[in-house]
S.K.: 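My structure is below; once you've seen it, I'll send some questions.
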Amino acid sequence: MFQREWLRLYFIFGEAYLEEGSLPIIEAALKSGVTMFQLREKGPFALKGAALIEYGYKVKALCRQYRVPFVVNDDLDLALTLGADGLHLGQDDQSIEEARQVLPKDMFIGISATNLKEAIIAQDQGADYVGVGPIYPTKTKTDAKTPIGFSGLKTIKTHLEDTPIVAIGGLTAKDMPQLKALKIDGAAVISEIGYQHDVSARVLSFLSSYR
Ligand code: 3NM
């Protein structure tokens with residue numbers, strides 16, 4: 001069963017983000033207390049095929065070691081192959097109904113939304129959580145939409161029922177108090193954790209700032 005607490009600090013990463021290898025960064029983040037992990041392998045250097053599956057198993061094993069839920073982005077077949085805990089779908093991926101038909105009952109599904117309409121549709125379709133953003137401009141997603149800011153996030157929060165929400169896009173630890181104040185469940189983060197030398201300090205700073 002999906003637990004909204006898992007959204008508190010949702011780290012997203014993949015092998016394609018770094019030249020020097022991502023596994024030590026992922027392990028440091030898991031060890032330091034990120035509450036959920038998403039494998040998102042995108043871009044010109046993205047692993048594919050057997051190499052992606054092999055890498056995915058390694059990441060899943062790390063998540064298991066630190067008892068952190070493991071989510072696969074976009075790729076339903078990869079989520080099934082790896083036996084992920086969850087699948088994250090964008091607006092351009094298959095619908096949640098299609099995904100539910102083939103996924104095990106206990107695999108949770110998250111959906112990205114950038115505006116109120118998309119968020120309400122995701123909720124009505126039974127998404128376990130909605131990822132709302134981008135809040136700020138982000139360099140990490142090349143096709144990110146126009147930032148919606150905290151005002152856009154607040155509008156969505158006000159109109160959704162009790163569906164768990166995680167904010168995304170350019171977030172830093174400084175945003176955590178405001179997320180808490182808006183009763184947003186947490187932050188999904190790539191660069192402020194994955195591109196830092198002091199991964200552990202960053203993770204702890206995010207976690208201690210949600211108060
Ligand atoms: N999705 P960073 S923004 C993967 O708006 C992703 O749906 C977004 O990375 C959305 O923390 C984004 O480096 C990138 O800004 C988040």
Side-chain angles (χ1 to χ4, degrees), residues 2-3 6-94 96 99-100 102-104 106-112 127-131 133-134 138-144 164 166-169 171 185-196 199 202-203 206:
F2 180 76
Q3 295 176 32
W6 293 341
L7 296 174
R8 180 65 52 83
L9 186 55
Y10 186 4
F11 180 39
I12 303 173
F13 216 53
E15 184 69 356
Y17 292 92
L18 284 182
E19 273 176 39
E20 62 266 33
S22 62
L23 292 175
I25 301 281
I26 293 172
E27 179 159 16
L30 294 169
K31 204 180 214 167
S32 309
V34 297
T35 50
M36 192 150 85
F37 179 78
Q38 181 189 113
L39 170 52
R40 180 178 187 271
E41 186 67 353
K42 297 266 189 196
F45 305 110
L47 296 174
K48 296 199 171 50
L52 177 56
I53 291 172
E54 191 185 328
Y55 171 74
Y57 275 124
K58 287 184 189 159
V59 176
K60 182 187 162 189
L62 283 175
C63 288
R64 288 282 179 274
Q65 187 182 337
Y66 293 98
R67 296 176 200 279
V68 172
F70 172 65
V71 180
V72 168
N73 184 54
D74 281 2
D75 189 336
L76 185 146
D77 291 331
L78 183 65
L80 275 175
T81 302
L82 297 177
D85 301 304
L87 173 67
H88 186 91
L89 295 173
Q91 289 291 324
D92 301 330
D93 301 320
Q94 65 270 84
I96 188 163
R100 288 257 191 243
V102 284
L103 293 180
D106 59 352
M107 195 184 289
F108 61 83
I109 302 180
I111 306 273
S112 297
D128 291 288
Y129 72 87
V130 184
T138 174
K139 293 193 185 113
T140 327
K141 183 174 158 94
T142 44
D143 57 349
V166 66
I168 186 164
L171 296 171
D185 294 280
V189 176
I190 299 177
S191 27
E192 270 291 304
I193 296 175
Y195 290 154
Q196 310 301 323
V199 172
R202 295 297 172 131
V203 168
F206 268 101

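Keep in mind it's a predicted model, so treat the numbers as computed, not measured.
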S.K.: What's the shortest heavy-atom distance between Leu80 and Pro104, and which atoms?
M.R.: CD2-CD, 3.6 Å

S.K.: Can any side-chain N or O of Thr35 pair as donor or acceptor with the backbone N or O of Leu9 at less than 3.5 Å?
M.R.: yes

S.K.: For the CD atom of Gln38 and the CZ atom of Phe11, what is their distance to the nearest 0.5 Å?
M.R.: 11.0 Å

S.K.: How close do Ile193 and Ala29 get, heavy atom to heavy atom, and via which atoms?
M.R.: CG2-CB, 4.1 Å

S.K.: Considering only heavy atoms from C-beta outward, does the side chain of Val34 approach that of Phe206 to under 4.5 Å?
M.R.: no

S.K.: Taking all non-hydrogen atoms of both residues, which atom of Ser22 and which atom of Gly14 are closest, and how far apart?
M.R.: CB-O, 3.4 Å

S.K.: Can you confirm whether Asp143 sits close enough to Lys141 that some side-chain heavy atom of one is under 4.5 Å from a side-chain heavy atom of the other?
M.R.: yes

S.K.: I'd like to know if Asp128 and Arg100 make a salt bridge, using a cut-off of under 4.0 Å between side-chain N and carboxylate O.
M.R.: yes

S.K.: Atom CD1 of Ile190 and atom OG1 of Thr140: how far apart are they, to the nearest 0.5 Å?
M.R.: 5.0 Å

S.K.: When you compare the side chain of Arg67 with that of Leu30, does any pair of heavy atoms fall below 4.5 Å?
M.R.: no

S.K.: Mind listing the closest non-hydrogen atom pair of Gly56 and Phe70 along with its distance?
M.R.: O-CZ, 3.9 Å

S.K.: Do Leu78 and Ile53 come close enough that some side-chain heavy atom pair is under 4.5 Å?
M.R.: yes

S.K.: Ignoring hydrogens and angles, tell me if any N or O in the side chain of Glu41 forms a donor-acceptor pair with the backbone of Ala16 under 3.5 Å.
M.R.: yes

S.K.: Would you give the length of the straight line joining atom CG of Asp74 to atom CD of Gln94, rounded to the nearest 0.5 angstrom?
M.R.: 8.5 Å

S.K.: Would you say Lys60's side chain and Leu82's backbone share a donor-acceptor pair under 3.5 angstrom?
M.R.: yes

S.K.: Calculate, to the nearest 0.5 Å, the distance between atoms CG and CG belonging to Leu103 and Leu87 respectively.
M.R.: 5.5 Å

S.K.: Using a 3.5 Å distance criterion without hydrogens, assess whether the side chain of Tyr55 forms a donor-acceptor pair with backbone atoms of Glu15.
M.R.: yes

S.K.: Please round to the nearest 0.5 Å and tell me the distance separating atom CG of Leu23 and atom NZ of Lys58.
M.R.: 6.5 Å

S.K.: Do Met36 and Leu7 touch side chain to side chain, with heavy atoms closer than 4.5 Å?
M.R.: yes

S.K.: Is there a side-chain contact between Tyr17 and Arg40 (heavy atoms, below 4.5 Å)?
M.R.: yes

S.K.: For Asn73 and Ile12, what are the C-alpha separation, side-chain angles and deciding distance, and is it a side chain to side chain contact (heavy atoms under 4.5 Å, CB included)?
M.R.: CA-CA 9 Å; Asn73 184 54; Ile12 303 173; over 6 Å; no

S.K.: Could you check whether the rings of Phe108 and Trp6 sit parallel, tilted or perpendicular, using 30° and 60° as the cut-offs?
M.R.: tilted

S.K.: Is any side-chain heavy atom of Leu18 closer than 4.5 Å to one of Phe13?
M.R.: yes

S.K.: Hey, what do you get for CG (Asp85) to SG (Cys63), rounding to the nearest 0.5 Å?
M.R.: 8.0 Å

S.K.: Would you mind telling me which of Ile168, Asp185, Val166 makes a side-chain contact (heavy atoms from CB on, under 4.5 Å) with Tyr10?
M.R.: Val166

S.K.: If you measure from the Lys or Arg side-chain nitrogens to the Asp or Glu carboxylate oxygens, is any gap between Asp75 and Lys42 under 4.0 Å?
M.R.: no

